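One structure is given here, and the rest of the page talks about it.
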Amino acid sequence: MKSKWAGAAMLGLMVGAAPAYAQQPSMEELMRRIDALQQRVNELERERRPQRPAAVAAPVPAPVPAAPARAAAPRTAPVAAAAAAPAAAPAPRSPEVVRAEVDEALRGSLDGLAMRIPNSDTTVRLYGFLRLTAYQDFNARNPTDAASVQGIPLSGGKTQPGDGDITARSSRFGFDTRTDTGWGRLDTTIEGDFRGDAGADLAYRLRQAFAELTRDDWSYLIGQTNSLWNEGITEALHDATNLNQSFIRQAQIRVTHRFDENWMLQGSIEAPFSDILTSSGARFPTDRFDGGARSAAFDQMPDFLARLTWRDGAEEYVLRGLFRQLSLEPDGAAPGPGTTDRFSGGPSESTFGWGLAAHTRLPLGKWISALGRDELMLMGYYGEGIGRYFAGNTFGQSAITDLSTATRMDYSLESVPTYGGTIGYRRFWTDFVRSTVSYAYARQDFPSSIRFASGTPGALARNREMQQVIANLIWSPFADRPTSRMPFGWLDLGLEYVFSRRDLEDGAAAVGSNGVGHGIANRLLAVGIVRF
């Protein structure tokens, strides 16, 4: 009550100080205005306190009557403005609205099982697939789901009949991230599968681990990922060891420049791995023999690769090349397993390898509308010392040497020329059913100056020619739900036939008394792949 009378006295002084011609408000009018001011103060105090989400807005006070005198309006306008009704509190949001807002805040910039990390600019995605492979061989026994042409059993001699197996070891999972930074977009990936070598167990192994920064038309990559040489131009269910298919993954530094929507140039410096054929078999820098001795295969400089791509939708033209060094350091090395002998002293030797390859994918419907989405794929290559970059053909045979315990320090090292090509046709029977038929040919021209004794591992690995035919039928019942990682949906079910043949240098003479100089394999596969 004291506050009301104090307000009245203050208001009275203000009115008394007004010009004599102004009509003064009555005491009742003053009291009404004081009540309105007190109510407004109370409302402001309530708004400053923490409000519960479901709080109901305070009632709006009735407007204060205007002063009867014309001259009193300018003095009472500020009072009336202070007593104006406050803005209504926001209406409570429904659970559906809140959920939609949360979903939008967590929505990532990657498709699939992805989400944005709260309070950050980073999206994380989990991806991969579960793969079940069943196969049956109809020639000699070859107990692996990833049989390479260069290692199929030779015909003749004492061999077991073909067998079959069922495995899920090719199943794969990984996660990647995408972050907007002040330097550009940063993408990272870590990926692995269960194809590690652990005897009967399925060991997890690292496939890829890299980071790539993209800014404008440039990208910079470091880590382990697919080589710039890699290309599998035809779709096959047979896992990763097909003729003329490259699938090397290794540590590297890569730079990419995009000239426009179609042209892209890439260059990389990649990890070396000298693979050299000896009379006792292929030798690699990672070999470790009895007593801890290492092989003579040696790495001295990285590999250099480049790739030029033109792409417009499904149409593509690619040119790729590589340059590398292969080296031998015999001092202190062992010639092979099963011996305690060591090389002592002696010169090192090195040779260079290089290769060129080109391929194209042609969407035939672009020129013949009746062929719809059908594709024709063509690839050809030539190189010297590029063995491991075609691991299904010539892994371990980039170069050849006659270094042995017999020759000691009097030896040579020569890169092996190789060339070949692949042609494939993919037919889309419907949007959900497709087939691929392909033929691949590869040849190696070993130098005539180096010969291995009949029956030795080196002689049995010198494949002069290799051929492969693949035909499959794949059903993708969810092909109408594609994403960037799942162009034919999340499920593939397929059947595939694989024919392979290899012919040895020197034919039957390379084998000796047992068998003939070639091997033939016929395999039937059934595969199911569930992606996520």
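Position 1 is the first residue of the sequence; numbering continues from there. Fair warning: this is a prediction, and the values are worked out from it, not measured in the lab.
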Honestly, is Arg462 close enough over Phe446, meaning NZ or CZ under 6.0 Å from the six-membered ring centre and within 45° of the axis? yes
Compare every heavy atom of Ile166 with every heavy atom of Ala134, then report the nearest pair and how far apart it is. CB-CG1, 3.8 Å
Give a yes or no on whether a salt bridge exists between Asp506 and Arg464, defined as a side-chain N under 4.0 angstrom from a carboxylate O. no
Determine, stepwise, if the pair Asp492 / Arg434 fulfils salt bridge (charged side-chain N to carboxylate O under 4.0 Å, His left out). CA-CA 11 Å; Asp492 283 344; Arg434 63 191 182 277; 3.5 Å; yes
Between Asp239 and Arg195, is the closest basic N to carboxylate O distance under 4.0 Å? yes
Check whether Asp275 reaches the backbone of Arg388 with its side chain - one donor and one acceptor, N or O, closer than 3.5 Å. yes
Are the charged groups of Arg294 and Asp287 less than 4.0 angstrom apart, N to O? no
Show, in sequence, the C-alpha distance, side-chain angles and deciding distance for Ser219 and Gln266, and conclude whether the side chain to side chain contact (heavy atoms under 4.5 Å, CB included) test is met. CA-CA 9 Å; Ser219 297; Gln266 298 171 283; over 6 Å; no
Looking at every heavy atom in both Arg502 and Leu460, which two are closest together, and how far apart are they? NH1-O, 3.0 Å
Please enumerate all residues that pass side-chain hydrogen bond (donor to acceptor under 3.5 Å, both in side chains) together with Ser280, with sequence neighbours excluded. Thr278, Arg283
Test side chain to side chain contact (heavy atoms under 4.5 Å, CB included) on Ser500 and Leu243 and set out the steps. CA-CA 9 Å; Ser500 304; Leu243 197 63; over 6 Å; no
How about Phe129 and Val530: do any of their side-chain heavy atoms sit closer than 4.5 Å? no
State which residue, out of Leu413, Ile276, Ile450, Thr351, fulfils the side chain to side chain contact (heavy atoms under 4.5 Å, CB included) condition with Ile400. Ile450
Is the side chain of Asp402 donor-acceptor paired with the backbone N or O of Ser412 at a distance under 3.5 Å, no angle test? yes
In Å and rounded to the nearest 0.5 Å, what is the CE to CD1 distance from Met466 to Ile152? 10.0 Å
Identify the heavy atoms of Gly232 and Gln245 that sit nearest to each other, and give their distance. CA-CG, 3.9 Å
Could you tell me whether the side chain of Gln444 reaches within less than 4.5 Å of the side chain of Leu277, counting heavy atoms only? no
Does any part of the side chain of Asn242, heavy atoms only, come nearer than 4.5 Å to the side chain of Ile470, both counted from C-beta? yes
I'd like to know if the side chain of Ser454 reaches the main chain of Ala509, judged simply by a donor and an acceptor atom lying under 3.5 Å from each other, with no hydrogens or angles considered. yes
Could you go through the side chain to side chain contact (heavy atoms under 4.5 Å, CB included) check for Met379 and Glu231 one step at a time? CA-CA 10 Å; Met379 190 274 287; Glu231 193 62 59; 5.9 Å; no
Checking side-chain polar atoms at under 3.5 Å, does Ser398 have a donor or acceptor matched by the opposite partner on Arg324? yes
For Gln150, does its backbone N or O pair with a side-chain atom of Asn463 as donor and acceptor, under 3.5 Å? yes
Any heavy-atom pair between the side chains of Phe499 and Ile520 that's under 4.5 Å? yes
Answer yes or no: is there a side-chain heavy-atom contact under 4.5 Å between Arg131 and Thr133? yes
Donor on one side chain, acceptor on other, Asp137 and Asn142, under 3.5 Å: no
Can you find a pair of side-chain heavy atoms, one from Ser476 and one from Trp490, that are under 4.5 Å apart? no
Apply the test side chain to side chain contact (heavy atoms under 4.5 Å, CB included) to residues Ser348 and Leu328: give CA-CA distance (whole Å), side-chain angles for both, the deciding distance (0.1 Å), then the verdict. CA-CA 6 Å; Ser348 61; Leu328 283 175; over 6 Å; no
Do the charged groups of Arg207 and Asp193 touch, with an N to O distance under 4.0 Å? yes
Would you mind checking if Asp187 and Arg125 are paired as a salt bridge, meaning a charged N to carboxylate O distance below 4.0 Å? no
Looking at Tyr135, is Arg523 sitting on its ring face, NZ or CZ under 6.0 Å from the six-membered ring centre and within 45 degrees of the normal? yes
Would you kindly check if the NZ (Lys) or CZ (Arg) of Arg373 is within the cone defined by 45 degrees around the ring axis of Phe428 and under 6.0 Å from the six-membered ring centre? yes
Measure the CG-CG distance between Asp145 and Leu237 for me, rounded to the nearest 0.5 Å. 12.5 Å
Arg320 meets the side-chain hydrogen bond (donor to acceptor under 3.5 Å, both in side chains) criterion, sequence neighbours left out, with none
Would you please classify the geometry between the Phe259 ring and the His257 ring as parallel, tilted or perpendicular, with 30° and 60° separating the classes? perpendicular
Less than 6.0 angstrom separating the ring centers of Phe395 and Phe284, yes or no? yes
For the aromatic rings, using the six-membered ring if either is Trp, is the centroid distance between Tyr127 and Phe532 under 6.0 Å? no
In Å, rounded to the nearest 0.5 Å, how long is the span from OG1 of Thr189 to CD of Gln208? 6.5 Å
Nearest 0.5 Å, please: how far is CG in Asp163 from CD in Gln136? 7.0 Å
Do side-chain atoms of Glu349 reach the backbone of Ser327 as a donor and acceptor pair under 3.5 angstrom? no
With ring-ring contact (aromatic ring centres under 6.0 Å, His included) as the test, pick out the partner of Phe323 among Phe352, Phe304, Tyr389. Phe352
Provide the closest heavy-atom pair for Arg531 versus Gly489 in the form atom of the first, atom of the second, distance. NH1-O, 3.9 Å
Do Tyr381 and Trp229 have ring centres separated by under 6.0 Å? no
Is the side chain of Ser268 donor-acceptor paired with the backbone N or O of Glu270 at a distance under 3.5 Å, no angle test? no
With a 3.5 Å distance limit and no angle check, can you tell me whether Asp260 reaches the backbone of Asn262 through a side-chain donor-acceptor pair? yes
Any side-chain heavy atom of Ser449 sitting closer than 4.5 Å to one from Glu414? yes
When rounded to the nearest 0.5 angstrom, what distance separates OG1 in Thr309 from CG in Leu228? 9.0 Å
Distance col, row Arg185:CZ vs Thr179:OG1, nearest 0.5 angstrom, shows 10.5 Å
Is a donor on one side and an acceptor on the other found under 3.5 Å between the side chain of Asn393 and the backbone of Asn244? yes
Checking the side chain of Thr418 only, and the main-chain atoms of Arg443 only, is there a donor and an acceptor separated by less than 3.5 Å? yes
Answer whether the closest heavy-atom distance between the side chains of Thr234 and Tyr425 falls below 4.5 Å. no
N/O donor-acceptor pair under 3.5 Å between Gln252 side chain and Thr225 backbone: yes
Go through the steps for Asp176 and Arg178 under the test salt bridge (charged side-chain N to carboxylate O under 4.0 Å, His left out), then give the verdict. CA-CA 7 Å; Asp176 49 19; Arg178 174 166 292 176; over 6 Å; no
Arg361/Glu375 ion pair, N-O < 4.0 Å: no
Check whether the side chains of Glu465 and Tyr441 place a donor and an acceptor atom closer than 3.5 Å, and report yes or no. yes
